[in-house]
Amino acid sequence: MTLHKILKYVSIVIGVIGLILLGRILAEDGDAIEASADLQTSLLNPFMYVAYLVLAIVIALVLVFVIKGLFKGNIKNTLIAVGAFLAVIIIAYLVTDGSQMTLKDGDILSASAAHWISAGLVTFYILAGIAILAMFISGVKKLTK
């Protein structure tokens with residue numbers, strides 16, 4: 001049996017289980033679910049475990065195929081891309097700062113967490129800018145040909 005058939009059957013089984021669990025949730029009254037912790041546990045926890053299972057399967061498959069692809073492809077280009085990504089993260093971390101702040105709910109966000117959040121946002125902005133620039137350059141090259 002090929003991997004495609006196995007994954008197809010596994011996805012069908014997980015989908016049916018998810019539909020059954022969703023049906024159980026939809027069959028109950030929303031107010032009753034909010035009011036009862038036992039009902040929340042019996043209805044929502046199995047649904048969350050299925051979601052965790054799917055996430056674990058997806059992560060495992062992605063890791064397997066990425067590692068498999070690394071050994072088949074050009075590892076030099078992959079390492080250059082990973083290094084460039086790490087360089088963008090380091091640059092974003094160095095240009096941002098963080099300070100302790102109080103959140104709306106009264107919790108305190110540490111300076112380190114605020115710094116990493118700022119760095120994540122700046123990393124996103126840098127990568128989004130690079131992507132937009134690459135699309136623009138590609139469009140201009142197509143127009144000139």
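- Panel note: side chain S138, backbone A134; no donor-acceptor pair is recorded below 3.5 Å.
- By the side chain to side chain donor-acceptor pair (under 3.5 Å) test, T123 is found to be paired with no residue, residues two or more places apart in sequence or in another chain being considered.
- A single hydrophobic cluster is seen to contain both L61 and L53, as judged by linkage of ILVMFWY side chains at heavy-atom distances under 4.5 Å, directly or through other members.
- Once rounded to the nearest 0.5 Å, the distance linking CD1 of I12 with OH of Y9 reads 7.0 Å.
- L39 and L44 fall within a single hydrophobic cluster, where Ile, Leu, Val, Met, Phe, Trp and Tyr are joined by side-chain heavy atoms under 4.5 Å apart, directly or via other members.
- Residues V62 and V58 form a side-chain contact, since some pair of their non-hydrogen atoms from C-beta on lies under 4.5 Å apart.
- Taken to the nearest 0.5 Å, the CD1 atom of I57 stands 9.0 Å off from the CG atom of L7.
- A continuous path of ILVMFWY side-chain contacts below 4.5 Å connects V13 to V54, so both sit in one hydrophobic cluster.
- Hydrophobic clustering (ILVMFWY, side-chain heavy atoms < 4.5 Å, transitive): I6 and I14 are in one cluster.
- Here the OG1-CE distance, from T41 to M48, works out to 9.0 Å after rounding to the nearest 0.5 Å.
- K141 contributes atom NZ, which lies 12.5 Å from atom CZ of F136 (distance to the nearest 0.5 angstrom).
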Solution key, residues 81-104 side-chain donor-acceptor pairs under 3.5 Å, sequence neighbours excluded:
unit_1	atom_1	unit_2	atom_2	d
Y93	OH	H115	ND1	3.4
T96	OG1	A92	O	3.0
T96	OG1	Y93	O	3.3
T96	OG1	H115	NE2	3.3

Pair up each side-chain donor or acceptor in residues 15-32 with any protein partner under 3.5 Å, not counting sequence neighbours, and list the distances.
unit_1	atom_1	unit_2	atom_2	d
R24	NH2	S42	O	3.3

